[in-house]
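The first residue in the sequence is number 1, and the count goes up from there.
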Amino acid sequence: MVDFHEDPGPGSGRRAARADFVSDAPRLSLNGLWRFRLSDTAAGTGPALPDPALDDGGWDTIRVPSHWVLEGHGRPLYTNTAYPFPIDPPHLPDDNPTGDYRLRFEVPADWPAGRTVLRFQGVDSCGTVWLNGELLGHSKGSRLPFEFDVTGLVRAGGNLLAVRVQRWSSGSYLEDQDMWWLPGIFRDVELLARPEDGIDDLTVRASYDAATGSGALLVTADAPGLVEIPELGIAAPTGEEVTVAHVEPWSAEHPRLYRGTLRAAGETIDLPVGFRTVEIAGGRLLVNGEPVLFRGVNRHEHDPVRGRSLDRATMIRDIELMKRHNVNAVRTAHYPPHPEFLRLCDEYGLWVVDECDIETHGFIYAGWEGNPPAEPMWRDALLDRARRMVERDKNHPSVVVWSLGNESGSGVAFGDIERWIRERDPTRPLHYERDPSYRHSDFYSLMYPSLDDLERIGQRKEETPAGVTAESPDDVRRRGLPFLLCEYAHAMGNGPGSLAGYQAILESYERFCGAFVWEWIDHGLAGTDEHGRPYHRHGGDIDHQPNGGRYCLDGLLFPDRTPSPGLAGLRAAIAPVGLAVDTVAGEVAVTNKHDLIDLAHLEFRWSTEVDGEPWHGGTLPVPRCPARETVRARLPAMAVAAEGETWLTVEASLAAPARWAPAGHVIAWTQARLGSGTHRRPAQPAAEPSTEPSAAPSIEPAAEPSAAPSAEPSAVPPAGAPPRAGAGVVRLGAAAFDGRSGRLISLGDAELDGPVLDVWRAPTENDRGQGPRNALAADWEAVGLDRFMHRTASVERPDDRTLVVRGRSGPATRTLGFRTTYTWRLRDGALHLTIEAEPVGDWHDTAYGHLSVTPPRMGARFALPGGYTDVAWFGRGPGESYADSLAAARVGRFARTIDDLQTPYVFPQENGNHVGTRWLELSGDGLPTVRVDGEPHLDFTARRWTSEALAAALHPHDLADSGRVWLNLDHGQQGLGSASCGPALPERYRLPVRRHTWSMTLSSPEPPRRSYR
């Protein structure tokens, strides 16, 4: 038996690549249950596999399409860049799991005479095929279709189809694409009737002339046929170009398809036509004569149960979620998707960068020696993959850019691919990012630049790439190219941050044609632990080396397709309508950020709230606003409350239902505070005038450390010192404090324990970073921010309405820390607290000689009884927010359970913070309400486990209720960034090592009835 899996060639016996289309010719799906047996080596079950007489009654059954490692056979493996086998091209190890598939099927009695084609939409990684004992051939290129002509072999009665699939093949060297290695027949298998007088392949060229509004249509085919589009009055033979004086162009913003047919004597083919022209002119990407800006995501195909075997309903769900979150573009990272996805992009409206099934990233571990694009042995395989992508997808108007592949270094093969595509399809530009010369790309492109670097690129002042001579022809040409940010904002764990900052730059320079967030969905796989509890597995949960660990969890959706807070942040940052309130002029500036359509599909409304309570509202008439223009809308006269915060919200929403969202779906919103009404507190006598420092951080330089006072209370205070409280309980009105530690232990009937200075958070994936420059969490641990110990120096009563607690907090083995002062003042039944934290000691890591660490948090932690269940607050919400991730959080009044405040990241980490909190109230059945008012604002988190427990957990089910509620009332936290694969967190989102001061008021009122969202 011939073994093809180590042959570097692309395949044998296959038909020529052709377009994917829908026809009325008969089609027989071969999806379903097949017989299956898994073997350890590439030889599979041996030479008898294709024999129709082989008794396979004892074999397992398996679903097709599927991946056998997700069907109980073997295990899935995940790597990011590393090959899971030795780099020994084109050879593979003897240990090569191989699945043998067999299907007995019958062809209907009325199956037409003529040709019959067997089509596989996707087989990973090498598939060798037999029909009724006859070898048809083999194919590689896992995410691409291949076909065999089985005319004369397929029988009207029973048939036996046999397929041998090796997990590893020479093709695997070209498919190292930061994803799970999931073998099997994972896309559809079909038998197609191909009438002799039908059409096998066709090419649609439908261009649009923006100057005249006309469209030109040319359909060519390998057999004569009649093109009919009744709506346009078109009835023309293939090969004849037709010009229509006026057409509506296709775009992602208005996906106008004209439904037609291509009729031949033997079949009728559906012909959806979208007129559009793509070009690069003047250093800009133009569609239909206008510049476009991709607000995009990178999309792997993934499902936690089915892997890359997606059904149409899941594809629709993805597209609807994208459209609802203002995404207008998809880069098909890093391979062509199932063809149905592109049909849906045509219909729903998404720009598509269609990427070839090529990535050789693992050759980085060989210093790029032997990299396939630079080796003649691989030329045919590489070119074959490009050819199959272009031929299959050439007729989709949504596909506006061809990408030659991803992270495969450079080599002569990319020149061959470029030349072939340009000759075959001159209507679309080409993209390839990794060759620093950019000779084969129509775009300058990078991954994960910093904000500063992106700004320089917009100005065409970027540094010359390594390996390119400054002012050389390549350097000059690159500076004239439009820039496509193919990956940015790594969405791993909590984040990404700085989305609004990136978008502001992308919208500021003509050179930019858009950007694609990495990536759409977490690649978690469904699993259960030893106790039967469900969870999502990542690479590190599989007992195999090498593996990429948690690096597959880097999406804007959780594995079950629940949107993450990061997706909400992206939706706000990339909104295609800009709204800016001018409270002085009483106007709203409305900016249309669409590229090609006006805002007639939207309606605008305004509303006001006072301290989060609805007040007034109405519609906002907005003048006609063309694409990329700004108009001003006059606001009605508005009252401002004398007490409390009056907030104006303006929204733009769908005026009518769209295919992807109902009427009223909010596209964009903004808020502005009106007037300066005073802050409202719960009903109680007016507070005394405050002489305390404001909650804004003090920017004084750190003082030199001084001698720390004794930790033990003194029976006789030193001369001139204020009196110390003794051991036991110290009371301040209705509040009780521990006399030794100075901690608050109760407020009326409410039990509390705290505060304790908290300068650490459970590291996010972005805190852990990538590389030594970005490893913030490692820096924190190196200097001990995760293990602070606390000492109370004194508990003082300067008067009967004041308590002052002084102390010091810092880690073992280090001199660094903070000298703390907690000043409590009784104010008409409430407690006013001011916290001062002054840095002391050495904040550089002298052991390593280079670290200068900043704390991720400056806050105060309290513990409350576990019976507290709910939090209501006025501030930003309802979702979590951080210093560089605010755009999705409105100012309003919200209520959530403590459990619902937790964001269930697949790998546990810091979550659930809320910035800009004016006040919050905690409540529980039978427990007194605890209220905290900021002075003026606080960050807060509330959870049933400590940050230490959160950091120690490996999966969400590892988090156990501690029996207490842990409440952080913080001066602030640092931002999120996207350093898990990207630049370091910008300094402006870090907390400086300086003296920090913040204030709050604690009380235990009876909660009034309020409305919450």
Side-chain angles (χ1 to χ4, degrees), residues 252-253 255 292-302 314-333 341 344-345 347-353 398 485 487-504 506-507 514-522 554-579 593-595 597 601-602 651-654 657-670 877-881 885-890 903 905 976 978:
E253 297 168 356
V292 298
L293 188 72
F294 298 145
R295 297 172 169 87
V297 294
N298 287 276
R299 175 188 178 267
H300 268 294
E301 293 179 309
H302 184 78
T314 301
M315 299 177 203
I316 291 175
R317 185 176 178 186
D318 278 349
I319 290 174
E320 288 180 346
L321 281 169
M322 289 176 188
K323 298 284 287 188
R324 290 179 183 183
H325 288 84
N326 295 327
V327 171
N328 71 357
V330 173
R331 176 178 174 230
T332 68
F341 182 78
L344 292 168
C345 290
E347 295 170 7
Y348 281 81
L350 285 170
W351 307 115
V352 175
V353 175
S398 58
L485 182 52
E487 292 183 24
Y488 82 114
H490 197 249
M492 187 175 181
N494 190 346
S498 302
L499 288 169
Y502 277 100
Q503 193 63 27
L506 290 166
E507 293 175 1
F516 295 85
V517 170
W518 187 267
E519 68 163 300
W520 177 239
I521 187 169
D522 281 348
D554 50 9
L556 294 163
L557 299 182
F558 295 133
D560 64 359
R561 283 183 160 73
T562 299
S564 75
L567 183 57
L570 180 66
R571 172 185 176 178
I574 65 173
V577 179
L579 300 167
K593 298 182 181 182
H594 293 88
D595 299 313
I597 62 172
H601 63 296
L602 301 180
E651 292 182 337
S653 58
L654 291 179
R659 182 168 187 167
W660 43 271
H665 170 76
V666 175
I667 299 296
W669 59 270
T670 194
E880 65 188 26
S881 53
S885 182
L886 298 172
R890 302 188 185 207
T903 301
Y905 292 107
L976 300 173
S978 62

Side chains of [X] and [Y]: does their closest heavy-atom pair fall under 4.5 Å?
X	Y	result
Phe294	Val292	yes
Arg299	Ile521	no
Phe341	Ile319	yes
Val517	Leu570	yes
Trp520	Val330	no

Examine distances only and state if a side-chain atom of [X] and a backbone atom of [Y] form a donor-acceptor pair shorter than 3.5 Å.
X	Y	answer
Lys323	Gly349	yes
Asn328	Leu350	no
Asp522	Asp554	yes
Ser564	Leu556	yes
Asn298	Phe516	yes
Arg324	Trp660	yes

For the residue pair [X] and [Y], what are the closest heavy atoms and their distance?
X	Y	result
Ala515	Tyr488	CB-CE2, 3.4 Å
Leu654	Pro662	CD1-O, 3.7 Å
Arg295	Asn326	CB-O, 4.0 Å
Leu499	Gly566	CD1-O, 4.0 Å
Leu506	Gly514	CD2-O, 4.5 Å
Pro496	Ser885	O-OG, 4.5 Å

Return the [atom1] to [atom2] distance between [X] and [Y], rounded to the nearest 0.5 Å.
X	Y	atom1	atom2	answer
Leu557	Arg317	CG	CZ	8.0 Å
Ile597	Glu253	CD1	CD	5.0 Å
Ser978	Glu487	OG	CD	11.5 Å
Met315	Glu320	CE	CD	13.5 Å
Ile574	Lys593	CD1	NZ	10.5 Å
His325	Ile667	NE2	CD1	11.0 Å

Handout entry: side-chain contact (heavy atoms from CB on, under 4.5 Å) assessment of Trp518 paired with His300
Key = CA-CA 10 Å; Trp518 187 267; His300 268 294; 3.8 Å; yes
